[in-house]
Amino acid sequence: MTNIAIIWFPGTNCEEETLRAVKAAGMHGTIVRWNQTLKNFDGYIIPGGWSYEDRIRAGAIAAHDIMLEQIKKEAALGKPVLGICNGCQVIAEAGLVPHNTNEPEIALAPNKNPFVSGYFCTHAFVKIKKKTAFTLLNEGDIFKIPIAHGEGRFITADERIKEHRTKYAAVVYCTAEGEEKEEFPTNPNGSCANIAGLTNDKGNVLALMPHPERCAFDHQTGARANNATPGLKMFQSMKRYIENANTLC
Amino acid sequence: MQTLFVELTIPDTTADTALRCLQKMKLPIRNIKKMDMYEYQADKDITQQLMNTDIIANKHKHRCKTTLEPGNYIQVKDKEQSNGLFKTLRERLGIEVAHIEKSTLWNIESDEKQSMEQAAKLLCNRHYQEWKVIIP
């Protein structure tokens, strides 16, 4: 059975609901502590929370943890790696997206919101822009998904990344009709190019600010498409990707 | 421009974690301390007013000062500053501040100058922050 490691850093607090979503998608999941060794896993999820209490910066300390070195090696082999919310910040700080580098190519900066300073919690519409291991939904699919963060604004100072940012934008904020308006409330945090989820060249790594595990069950969301909630479909996509020998189909 | 430094009098877990992480990165750093740094402009000296707000400092766990001891400091500042603090000080607390910026100041104890640059890679994400060395 597909075996997923759900990484638990000190301060991670979404591991249980992530595990429930993994199981609901038909996979086996194990919560792995940051100081344990990773062995025989098919994929990795870094869930939301406040790893290391967001000390220095959201995700900065966890990104330098030895656990991330192991995950980066696994990502280079094509195994799927999903970072959700704080996990997204960890992945970004570790330099896993859009390329597997030693230094961050992007940042998750504090939200820019005309009304609310700091932490912002709502449901946002997003659209699938690119096929990844987690978004084997149809490109252009639109669904509502919870967001809850204070630092969710994708930003980069690298001109090269700026030029290609839409190439790696796998999930973008949009209106209910799919229009990618770059203003609030469609774009809830000021993210460049409306990015909600950023991927890599292979599509096996996804840094995703919204929470798919919070819209994976019927009691969490009224939205359904093809007999699955949008969140669950992301985890089902991960399973399908692994079953297809780590290839996008 | 006036300046106020605010440091914790209780153990600073963020500085402790930063030190452990930098040492794990094999940087020859003996110790690191953290301060909040406020740079502000006003027609009169508002330092005492700022110190009395429990937003910037809580006298039960913070110490405020206007000068720095000798040492090597790295200042890390967000390139785009939120106006939340400015609005709170002016509109809610009635303090006549014309401009205020907040940053983090790290006092790094190391014999090697290169360590500062290496440490900045952890302490600053250049995509939305900037850093500079301050030697008082």
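Naming convention: chains lettered A, B, ... in sequence-line order (proteins, then strands); numbering from 1 in each chain. Note that this is a predicted model, so its numbers are computed, not measured.
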Q: At a 4.5 Å cut-off on heavy atoms, which part of A:Ile155 comes close to chain B: side chain, backbone, both, or neither?
A: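 A:Ile155 touches chain B through backbone and side-chain heavy atoms alike.
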Q: Take a 6.0 Å sphere around NZ of B:Lys79 and say whether it holds more than 12 heavy atoms from other residues, nucleotides or ligands.
A: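 Yes, because the 6.0 Å sphere around NZ of B:Lys79 holds more than 12 heavy atoms from other groups.
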Q: Counting only heavy atoms from other residues, nucleotides and ligands, does the tally under 6.0 Å from CD of A:Glu183 exceed 12?
A: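 Yes, because the 6.0 Å sphere around CD of A:Glu183 holds more than 12 heavy atoms from other groups.
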Q: Apply the test side chain to side chain contact (heavy atoms under 4.5 Å, CB included) to residues A:His64 and B:Lys24: give CA-CA distance (whole Å), side-chain angles for both, the deciding distance (0.1 Å), then the verdict.
A: CA-CA 9 Å; A:His64 287 82; B:Lys24 261 198 307 193; over 6 Å; no
Q: Provide the closest heavy-atom pair for B:Trp106 versus A:Ile56 in the form atom of the first, atom of the second, distance.
A: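 Looks like CH2-CG1, 4.0 Å.
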Q: Any side-chain to backbone donor/acceptor pair from B:His127 onto A:Pro104? Under 3.5 Å, distance only.
A: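 A pair under 3.5 Å: yes.
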Q: If you count the non-hydrogen atoms of other residues, nucleotides and ligands that lie under 6.0 Å from CD1 in A:Ile66, is the total more than 12?
A: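 Open: at most 12 neighbouring heavy atoms sit under 6.0 Å from CD1 of A:Ile66.
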Q: With a cut-off of 6.0 Å (strictly less than), are more than 12 heavy atoms of other residues, nucleotides or ligands near NZ of B:Lys33?
A: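 Open.
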Q: Salt bridge check: are B:Asp12 and A:Arg55 linked by an N-O gap of less than 4.0 Å?
A: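 Salt bridge flag = no for A:Arg55 with B:Asp12.
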Q: What part of B:Thr17 lies closer than 4.5 angstrom to a heavy atom of chain A: side chain, backbone, both or neither?
A: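 Contact with chain A involves both backbone and side-chain atoms of B:Thr17.
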Q: Roughly how far, to the nearest 0.5 Å, is the CZ atom of B:Arg126 from the CG atom of A:Asp158?
A: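 Rounded to the nearest 0.5 Å, the CG-CZ separation comes to 4.0 Å.
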Q: For each of B:Thr13, B:Leu123, B:Asp78, tally heavy-atom pairs with chain A at distances under 4.5 Å, and name the one with the top tally.
A: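 Looking at each of B:Thr13, B:Leu123, B:Asp78 in turn, B:Thr13 comes out on top.
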Q: Please name the residue in the list B:Thr104, B:Asn125, B:Val76 that meets the side chain to side chain contact (heavy atoms under 4.5 Å, CB included) test with A:Arg57.
A: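 For A:Arg57, the side chain to side chain contact (heavy atoms under 4.5 Å, CB included) check succeeds only for B:Asn125.
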